[in-house]
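All remarks here apply to the structure that follows.
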Amino acid sequence: MKIKLKLSKIIEDALKNANIQADEIVISDATKPEFGDYQFNGVMKLAKVLKQNPRQIATVIVEHIDTTGMIAKVEVAGPGFINIWLNKLWLSQETTAILDDIRVGVGQVEVAQKVVVDYSGPNMAKQMHVGHLRSSIIGDTLSTLLEFLGEEVIRQNHIGDWGTQFGMLIAYLEEQNTDGNTQELKDLEQFYKDAKVRFDESEDFANKARDYVVKIQSGDEHCLRLWQSFIDASLGHCEDVYAKLNVNLTREDVRAESFYNDQLPQVIETLKEKGISRTSNGAECVFLEGDETPIIIQKGDGGYLYATTDLAALNFRDKVLKADRICYVVDARQAQHFKQVFTIAKQAAMVKEEVALEHIGFGTMMGQGGKPFKTREGGTPKLSDLLDEAILRAKDTIKERDVHSEAELNAVAKAIGIGAVKYADLSISRESNYIFNWDKMLSFEGNTSLYMQYAYARIQSIVRKHNAEITGDIVIADEVEHRLALLLLKFEDTLTKAAIEATPHTITSYLYDVVTVFMKFYELNPILKDDIEEEIKMSRLQLATLTASVIEKGLSILGIEVIEKI
Ligand code: ARG
């Protein structure tokens, strides 16, 4: 339910009835419980326009606000805020109304936007690293979220599968006489290193590698076949990681850098024609206002660059995919690159003016002490090893609880371990760097996935103990129930905000609030005690199961599984 929209309509009506003109009405969450549930802060602005005292205007507005339905009480506060309290009866009705709703009260957009989400984007020559982990997790959540809200999402995995290093890898693949499915490629990092050693030690090998670059680029069949087998094997590694992570990327979502190859000359042509680029020191360059260095789009030897491919991709996403919004979930350190290609694409009309281009940047994941993330031995950790370790550690965390069979334990450990890694990543504001900390992410307390999974399991255990049908309405009886019900109804506003701002942590903070208030509610209002009136018991049970539904849906948008018992 869109609570803020409903409230702004009520305020709009009040203003109309009070004969006050206003253009946009913004409702915000109250910052403290004593300020009510919501606040209308727009009076100051109105007062300036009307040249009147804000408190006086606020008083007039308050007199005209309808307090017979959704709103219980309004009050003028401070220099001219209007504090708003919602009605318990209204909260009771609205929460009861969504008890059987699989979307837990969250509506869908009326007109779907086409949103391209570009995420993961690993480079085929190398192992996926922690930066790709963040991109995969954040991008996948954003995609799931937008889809849930009814948008049409087109996932694009812009893998790096083109470039001079592939000549070297193919030469090595051939030297090893392997078809890309054998042991050698199990460890890509090693394969790359070995190829590099050969490249550095043998002039013959290096020449062959250079030859291969030219051959791949000119479409030589034999080379392309070898190259393809390398990409297949490499992508297979990434897919193992996606599977472990519950990331929904398939081969269909891959539109690799190489896909744009034959569109690159056209990109250069367009930019030249429109006078956006010019030749400088032999290279084709774009000089953007305010930038110190030019953006090279074609090197002197004819080679193209990362930016050229991204321009072709922008053009494709506008003209062919017909995107309304394009989100790039890529390391914040590429901010400059995206700012530049977005500007050029719009200048050259490769992308329509009204298409939203967004770089969804994220910070760096770091090891203990804020140092670059390294294994104990000092190497770069492989993502799949990291995820396996998460599952092992999770197993350790719940081992002594002794509520699971061996088979269950594995499934539960996976849900907890992978959930912990994902949640830790999603719960910090995405632009910040963050420190990877096993103990913190696998804690039962605090803003962790385990805290949410535990609360969910706890509610399931209450329902199991009750062991009978749960019927009847929710009747909000006290302040803690009021807070819990209101939070549950805020689900749609929360998801909408997270989708607009592309901020998964908006969802995790919300879930943390929900669970924290639920725990308080459970402590103050016992559910299964014998001496509780049947109606109250049912209302509390209903509120608890609705909480569980919100936790489950919220976690599923984050790509995290719930657990029936912990
Ligand atoms: N392969 C790139 C990297 O590892 C990420 C690709 C991001 N997407 C894009 N359209 N540039 O840095």
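In what follows, residues are counted from 1 in the order of the sequence shown. Just so you know, these numbers use all the heavy atoms, side chains as well, and skip hydrogens, waters and symmetry mates. On a predicted model such as this, the values are computed, not experimentally measured, just so you know. Just so you know, ligand 1 is whichever comes first in the structure, and atom 1 is the first atom listed for that ligand.
Applying the salt bridge (Lys or Arg N to Asp or Glu O under 4.0 Å) criterion to K244, with sequence neighbours excluded, gives D388.
Only side-chain heavy atoms of D310 come within less than 4.0 Å of ligand 1; its backbone N, CA, C and O stay farther off. Residue contacts with ligand 1, taken as heavy atom pairs separated by less than 4.0 Å, involve N123 solely via side-chain atoms from C-beta onward.
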Side-chain donor-acceptor contacts of residues 265-272 below 3.5 Å, not counting sequence neighbours, with atom names and distances?
unit_1, atom_1, unit_2, atom_2, d
Q266, NE2, T270, OG1, 3.4
T270, OG1, Q266, O, 2.8

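The cationic group of R103 lies under 6.0 Å from the six-membered ring centre of F148 and within 45° of the ring axis, placing it in a cation-pi geometry.
With a 4.5 Å cut-off on side-chain heavy atoms, F342 and V351 do not count as touching.
Close contacts of ligand 1 with Y328, meaning ligand atoms under 4.0 Å from a residue heavy atom, involve 10 (N). Within ligand 1, the atoms closer than 4.0 Å to a non-hydrogen atom of Y306 are 2 (C), 5 (C), 6 (C), 7 (C), 9 (C), 11 (N), numbered from 1 in the order shown.
For F166 and Y212, the ring centers are positioned 6.0 Å apart or more.
What sits closest to atom 8 (N) of ligand 1 on the protein, heavy atoms only, is D118 OD1, 3.1 Å.
Of the N or O atoms in F338, none lie within a sub-3.5 Å distance of an N or O in ligand 1. Considering backbone and side-chain atoms together, R317 places no N or O closer than 3.5 Å to any N or O of ligand 1.
Taking a cutoff of 4.0 Å between a charged side-chain nitrogen and a carboxylate oxygen, R155 and E147 qualify as a salt bridge.
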